Amino acid sequence: GAVVSQHPSWVICKSGTSVKIECRSLDFQATTMFWYRQFPKQSLMLMATSNEGSKATYEQGVEKDKFLINHASLTLSTLTVTSAHPEDSSFYICSASGMDLSEAFFGQGTRLTVV
Amino acid sequence: KQEVTQIPAALSVPEGENLVLNCSFTDSAIYNLQWFRQDPGKGLTSLLLIQSSQREQTSGRLNASLDKSSGRSTLYIAASQPGDSATYLCAAPNAGGTSYGKLTFGQGTILTVHP
């Protein structure tokens, strides 16, 4: 299957700072990327969808000014958590889909802890 | 809006047992349905992807079935092993979605296989 790499795998940051998470498709062109988050003991919830070169589409209840998504190339999307607070501590995971692919492939996830 | 429900929430079995995990979804107009495995603190491992035109998929000791008309899927694990212990997630594309990657996840079934 296609490979999606997510970096970093874990990060600890201070409250009020910003954190950037990268999602890369290594062996295919990702026309669409998806960002999910998973709070402890809960399932994954879709946060936003990004298409290369376009603004991201956010799900209801997700603050677009807090979670900045950039998908500037066909192999890279970034999620920046701005002014992070402890309640943003979560597991963030991306997936990517290409035009010739019939499924989306997931990265390894990033564990964010805001202290 | 797509809703995905998994039962049971948790399952504990002795090694060697055959078991069935259940998934139901509300919007049957899906392209496919996917089963994932998630180990504690880790990302997702895709187990099986069933296309809407298929009724089942098999991989080793795993068999997944799909009945779109009733909105149900089952994951059958044969001869369970302690290494199968993990959370199993079922995911279906969002209602009305045209993208393969916008998934709604169930809450998962936590499986424990004890020696």
Side-chain angles (χ1 to χ4, degrees), chain A residues 1-10 21 23 25 28 30-52 54 56-61 71 77 90-113, chain B residues 1-10 21 23-25 27 30-54 57 59 64 66 86-111:
Chain A
V3 181
V4 176
S5 177
Q6 193 171 335
H7 178 81
S9 57
W10 61 270
I21 302 169
C23 180
S25 57
F28 67 100
T31 50
T32 308
M33 288 188 170
F34 308 88
W35 289 94
Y36 294 81
R37 67 180 164 187
Q38 183 180 35
F39 291 110
K41 300 191 185 302
Q42 295 187 27
S43 195
L44 284 80
M45 297 291 290
L46 180 66
M47 298 175 66
T49 303
S50 71
N51 292 298
E52 184 265 338
S54 303
T57 302
Y58 291 81
E59 297 298 304
Q60 192 172 12
H71 190 169
S77 176
S90 185
F91 187 67
Y92 293 86
I93 190 165
C94 70
S95 69
S97 176
M99 289 183 64
D100 297 328
L101 300 175
S102 60
E103 66 179 287
F105 296 88
F106 282 81
Q108 310 95 313
T110 297
R111 171 92 37 210
L112 170 64
T113 302
Chain B
K1 179 187 172 190
Q2 180 72 277
E3 294 180 8
V4 179
T5 304
Q6 290 185 247
I7 54 172
L21 307 182
C23 172
S24 62
F25 47 94
D27 184 344
I30 55 173
Y31 296 115
N32 54 40
L33 185 134
Q34 202 162 359
W35 284 91
F36 295 89
R37 168 186 172 140
Q38 186 176 32
D39 292 284
K42 302 292 185 181
L44 303 180
T45 299
S46 179
L47 297 174
L48 289 165
L49 173 74
I50 314 173
Q51 300 293 349
S52 59
S53 58
Q54 300 173 318
Q57 274 280 13
S59 175
L66 175 63
T87 297
Y88 290 80
L89 296 167
C90 166
N94 287 5
T98 57
S99 168
Y100 294 110
K102 298 182 73 169
L103 300 177
T104 297
F105 283 81
Q107 291 294 99
T109 294
I110 302 172
L111 173 64

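Chain naming here is simple, since letters A, B, ... match the order of the sequence lines and numbering starts at 1 in each. What you see below is based on every heavy atom in this structure, not just the backbone, and it leaves out hydrogens, waters and symmetry mates. From a predicted model like this one, the values you see are computed outputs, not experimental measurements.
Formation of a donor-acceptor pair under 3.5 Å by the A/Thr110 side chain with backbone atoms of A/Pro8 is found in this model.
Among residues two or more places apart in sequence or in another chain, the ring pair (Phe, Tyr, Trp, His ring centres under 6.0 Å) test is passed with A/Tyr36 by A/Phe106, B/Phe105. Scanning for side chain to side chain contact (heavy atoms under 4.5 Å, CB included) contacts around A/Gln42 gives A/Phe39, with sequence neighbours left out.
The line from CD of B/Gln34 to CG of B/Leu89 is 11.0 Å long, rounded to the nearest 0.5 Å.
Comparing A/Gln6, A/Gln38, A/Lys41 by how many heavy-atom pairs each has under 4.5 Å with chain B, the most go to A/Gln38.
With a 4.5 angstrom heavy-atom cutoff, B/Leu49 touches chain A only via side-chain atoms. Contacts between A/Ile93 and chain B at a heavy-atom distance below 4.5 Å involve the side chain alone, from C-beta outward.
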